[in-house]
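Below: the structure, in structure tokens.
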Amino acid sequence: MDVSFLGGPRQQRGVGVVAPFDFALDRELWRWVPDEVSLHLARTPFVPVEVSLDLARVVSEHETLHAAVRALCAVTPEVVAYACASGSFVGGVPGERAMCAAMTQAGEVPSLTTSGALLAALDELDARRIALVTPYTKSVTDALEEYLAAAEIAVVGRAYLGLTREIWRVPYRDVVDMARLAVVGSADALFISCTNLPTYDVIPQLEAELRMPVLSANQVTMWSALRTMGARAVGPYQALVDAAARSGPVALEPDPPPEEAYAGSSGTPEPDLPDRLDPPPFPDEYGGPTG
């Protein structure tokens, strides 16, 4: 059969993605990508280290990034994204900037990281006080909070799982449960960290329930990479990427803080809720520690 009349395939634009060796959510990244864009992934070399600050440092070494970016240059991407939250916040704000500079130098192409993309997304939404959800241990979660504090972002509530492996197996219901624990006081947005944690389908549900923008590591990475090349991410009912979601029911003002919502007839507010909630990690259902 003659198919010459089709004229295809359609011209593609490329996004290079450097991911840790244990990254298991390639398909989730693709869900934010429009049809005319292709993702080209390169993984860092395997190291026998559990998810920890040590692993974050290993997978973000400049020599490792240089090799991965150089490999991706074979397909001439328009932008390169380092898709790892912990690997890009472990060195603080200066470390994240140095990673971007090293990748840009290696490939002579605009480069970004998940943690840098997070700050850009929070700026886009004018969010300065956030609730935080992570699958990490306490020490890794603390490091993320320190990174955010250096960028003048306050964490007003958080919840974490305490996992060191197989994070991609966490079901949506546990992400939702953590979000409900983390959102206390007055937060401008919720951030769900770790590119190995599934989030795509749960974002609209949480935005509708919590009445605030919900960001995730994979979402901000793809949003920032596509924006850098002049394209738009695909994410129906997600406030960061869907203009309609920002102006529709999901984008309504959050519920008033406790002192307004529960003021008595005399106008005297009830006592403030804690500004920060750090509940114990969830039970050990995935083989990770609980501490």
Side-chain angles (χ1 to χ4, degrees), residues 15-33 39-73 75 77 79-92 95-104 106-107 109 111-118 133-137 139-144 147 160-170 175 191-200 215-225 286-289:
V15 173
V17 177
V18 179
F21 62 87
D22 63 343
F23 182 69
L25 299 182
D26 301 53
R27 186 174 184 278
E28 174 154 299
L29 289 185
W30 277 94
R31 298 181 72 183
W32 277 285
V33 178
L39 298 182
H40 309 289
L41 274 77
R43 280 173 166 76
T44 61
F46 170 75
V47 289
V49 179
E50 293 183 323
V51 177
S52 61
L53 291 174
D54 288 339
L55 177 61
R57 296 184 184 101
V58 168
V59 298
S60 61
E61 292 176 345
H62 288 193
E63 294 81 1
T64 299
L65 297 177
H66 187 279
V69 172
R70 292 299 299 164
L72 288 169
C73 285
V75 294
V79 60
V80 172
Y82 177 64
C84 179
S86 61
S88 54
F89 67 64
V90 69
E96 190 277 331
R97 291 174 180 165
M99 291 177 67
C100 289
M103 290 191 296
T104 298
V109 62
S111 302
L112 58 98
T113 74
T114 296
S115 295
L118 168 60
V133 164
T134 88
Y136 311 133
T137 60
S139 61
V140 181
T141 304
D142 288 345
L144 173 53
Y147 170 82
Y160 60 95
L161 281 172
L163 301 184
T164 62
R165 57 189 175 93
E166 298 189 346
I167 289 170
W168 65 87
R169 298 187 186 277
V170 176
V175 176
F191 175 59
I192 305 170
S193 193
C194 190
T195 54
N196 227 3
L197 186 66
T199 58
Y200 186 93
L215 308 177
S216 78
N218 283 328
Q219 179 204 48
V220 299
T221 304
M222 289 295 95
W223 168 81
S224 184
Y286 312 100

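One-based numbering along the sequence shown.
By the 4.5 Å heavy-atom criterion applied to side chains, V18 and V69 are counted as neighbours. Looking at heavy atoms from C-beta onward, L41 lies in side-chain contact with F23 at the 4.5 angstrom threshold. Counting only heavy atoms from C-beta outward, the side chains of W223 and W32 never approach each other to under 4.5 Å. No side-chain heavy atom of L163 sits under 4.5 Å from any side-chain heavy atom of V51. Looking at heavy atoms from C-beta onward, T64 lies out of side-chain contact with F21 at the 4.5 angstrom threshold.
One distance of note links CG of L197 with OG1 of T134; it measures 8.5 Å at 0.5 Å rounding. Rounding to the nearest 0.5 Å gives a distance of 13.5 Å between CZ of R165 and OG of S52. Note: T199 OG1 to R31 CZ = 9.5 Å, rounded to the nearest 0.5 Å. Rounded to the nearest 0.5 Å, atoms OG1 (T44) and OH (Y82) are 6.5 Å apart. For the atom pair N218 CG and E28 CD, the distance stands at 5.0 Å (nearest 0.5 Å). Rounded to the nearest 0.5 angstrom, C84 SG and L55 CG are separated by 7.5 Å.
Nearest heavy-atom pair across S193 and P135 is O-CD, 3.5 Å. Residue S224 comes nearest to A117 through the heavy atom pair CB-CB, 3.5 Å, listed as atom of the first residue, atom of the second, then distance. A pairwise comparison of heavy atoms in V33 and M222 identifies CG2-SD, 3.9 Å as the closest pair. Smallest separation of non-hydrogen atoms from E96 and S88: CB-O, 3.4 Å. Here the closest non-hydrogen pair linking P20 and R43 is O-CG, 3.7 Å. When all heavy atoms are compared, the tightest approach of P77 to V15 is CB-C, 4.1 Å.
Using bins of under 30°, 30° to 60° and over 60° for the plane-to-plane angle, the ring pair F89/Y136 lands in the perpendicular bin.
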Take T113 and S115, measure what side chain to side chain donor-acceptor pair (under 3.5 Å) needs, and give me the verdict at the end. CA-CA 6 Å; T113 74; S115 295; 5.1 Å; no
Given side chain to side chain contact (heavy atoms under 4.5 Å, CB included), test L144 with F191 step by step and report yes or no. CA-CA 11 Å; L144 173 53; F191 175 59; 4.2 Å; yes
